[in-house]
Amino acid sequence: TLGVAYADAGGLVDAERWLRGAVAARPGDVEARFQLAEVLRKAGKTDEAIDSLKEAFALAPTRVDLGVGLARAYEAAGRDAEAGEVYETMLKGDDIPDLAEKISIDVRTRAGRYFARIGKKDRAGSQGAAILKVEPDSATGHFLAGEGLLDAGKAVDARQEMQRAFDRDPDPQFADGLGRAQEQIFKDANDTAARDEALRAYLAASAKGSKPCGRI
């Protein structure tokens, strides 16, 4: 309690000291490890924060907030392989209907965007399809479905999904996806209108700080 109070007040040194004491006294206290990880992250101690989150997730592997937090911390640190291992752990049983239904949309959203970013487009597409079954209006679901379609060579269908995603949320990753779909249509059919649309989408992505993946 003292550790959290100090953290809320900005006293990270004292917060870390008290939270480390709590973890030492109660090694099985998941919340203490989670709070310690937050303090370490704010203090710029990334590797130690990850270790604390990893220990917390090992104690409570069904807690979505811990798993997603750990995976995102790995991603932020450029440790994509380890992030992937966490996402795969949380997606375990995805091919078994009864278990797949229990996987949260938050997990699918984060994992799907991770798969899209590292180039596993088919895996991203499967997460998009699962999201849309539960949330038909999900921008991320449409984006991920588009990634799967683009990977399967269905650029026109992919463009429709990417457009639906971008219309709902002008996220730079979605803008980049729309640009790639338009670019592929241009390459397949020499459609100059699609080329122009691709350029506009890439410009939208760049304006929001994303580095476009297309080649136009």
Side-chain angles (χ1 to χ4, degrees), residues 64-65 67-69 71-72 75-76 80 83-84 86-88 90-91 93-97 99-216:
V64 171
D65 59 334
V68 170
R72 293 183 70 175
E75 287 187 82
D80 281 343
V86 176
Y87 285 129
E88 293 294 359
M90 291 189 290
L91 290 171
D94 198 14
D95 55 346
I96 302 172
L99 295 179
E101 291 177 0
K102 298 177 182 178
I103 297 173
S104 77
I105 295 299
D106 190 30
V107 169
R108 292 193 183 281
T109 295
R110 291 301 314 176
R113 293 187 70 153
Y114 161 80
F115 290 135
R117 183 175 62 77
I118 67 168
K120 292 186 176 181
K121 308 297 187 180
D122 57 334
R123 292 284 280 131
S126 66
Q127 296 310 309
I131 290 170
L132 291 175
K133 284 182 180 179
V134 180
E135 296 183 2
D137 203 43
S138 167
T140 301
H142 286 295
F143 163 69
L144 295 175
E147 289 284 23
L149 290 165
L150 193 56
D151 184 63
K154 300 177 180 180
V156 173
D157 292 335
R159 175 177 62 181
Q160 292 177 343
E161 290 297 321
M162 296 296 191
Q163 188 67 61
R164 290 180 181 124
F166 187 70
D167 288 345
R168 288 162 174 76
D169 180 1
D171 184 292
Q173 192 178 20
F174 302 167
D176 180 71
L178 177 59
R180 285 184 285 108
Q182 297 280 21
E183 183 178 350
Q184 190 59 51
I185 291 171
F186 164 65
K187 290 177 179 177
D188 292 343
N190 196 29
D191 184 338
T192 56
R195 178 197 60 195
D196 294 342
E197 289 295 329
L199 286 169
R200 279 192 282 272
Y202 289 144
L203 286 171
S206 296
K208 292 181 177 293
S210 175
K211 183 179 180 181
C213 298
R215 297 183 181 278
I216 288 180

> Would Arg164 and Glu161 satisfy salt bridge (charged side-chain N to carboxylate O under 4.0 Å, His left out), going step by step from the backbone distance to the final call?
Replying inline: CA-CA 5 Å; Arg164 290 180 181 124; Glu161 290 297 321; 2.6 Å; yes
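- Applying the salt bridge (Lys or Arg N to Asp or Glu O under 4.0 Å) rule to Glu197 yields the partners Arg200; only residues at least two apart in sequence or on another chain are considered.
- Between Glu147 and Arg123 there is no salt bridge, since none of the side-chain N atoms of the basic residue sits less than 4.0 Å from a carboxylate O of the acidic one.
- Scanning both residues, Ala158 and Ala181, for their nearest heavy atoms gives C-CB, 4.2 Å.
- The two residues Ala198 and Gly179 have their closest heavy-atom pair at CB-O, 3.4 Å.
- His142 places a side-chain N or O within donor-acceptor distance of the main-chain N or O of Pro136, the cut-off being under 3.5 Å.
- In terms of heavy atoms, Val86 sits closest to Gly67 at CG1-O, 3.3 Å.
- Within the 4.5 Å cutoff, no side-chain heavy atoms of Leu150 are placed close to those of Lys121.
- In this view, Asp167 and Gln163 satisfy the side-chain hydrogen bond (donor to acceptor under 3.5 Å, both in side chains) rule, not counting sequence neighbours.
- Side-chain contact between Leu199 and Glu183 is absent, with no heavy atoms from C-beta onward closer than 4.5 Å.
- Neither side chain, Gln182 nor Asp196, offers a donor N or O lying under 3.5 Å from an acceptor on the other.
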May I have the list of side-chain donor-acceptor pairs in residues 109-118 shorter than 3.5 Å, sequence neighbours left out?
unit_1, atom_1, unit_2, atom_2, d
Thr109, OG1, Ile105, O, 2.8
Arg113, NE, Gln173, OE1, 2.7
Arg113, NH2, Asp171, OD1, 3.1
Arg113, NH2, Asp171, OD2, 3.0
Arg113, NH2, Gln173, OE1, 2.8
Tyr114, OH, Asp80, O, 2.7
Tyr114, OH, Gly84, N, 3.4
Arg117, NH1, Asp80, OD2, 3.2
Arg117, NH2, Glu75, OE1, 3.0
Arg117, NH2, Asp80, OD1, 2.7

> Step by step, would you call Phe174 with Phe143 a ring-ring contact (aromatic ring centres under 6.0 Å, His included)?
Replying inline: CA-CA 6 Å; Phe174 302 167; Phe143 163 69; 4.9 Å; yes
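- Residues Arg159 and Leu149 fail the side-chain proximity criterion, which asks for heavy atoms closer than 4.5 Å.
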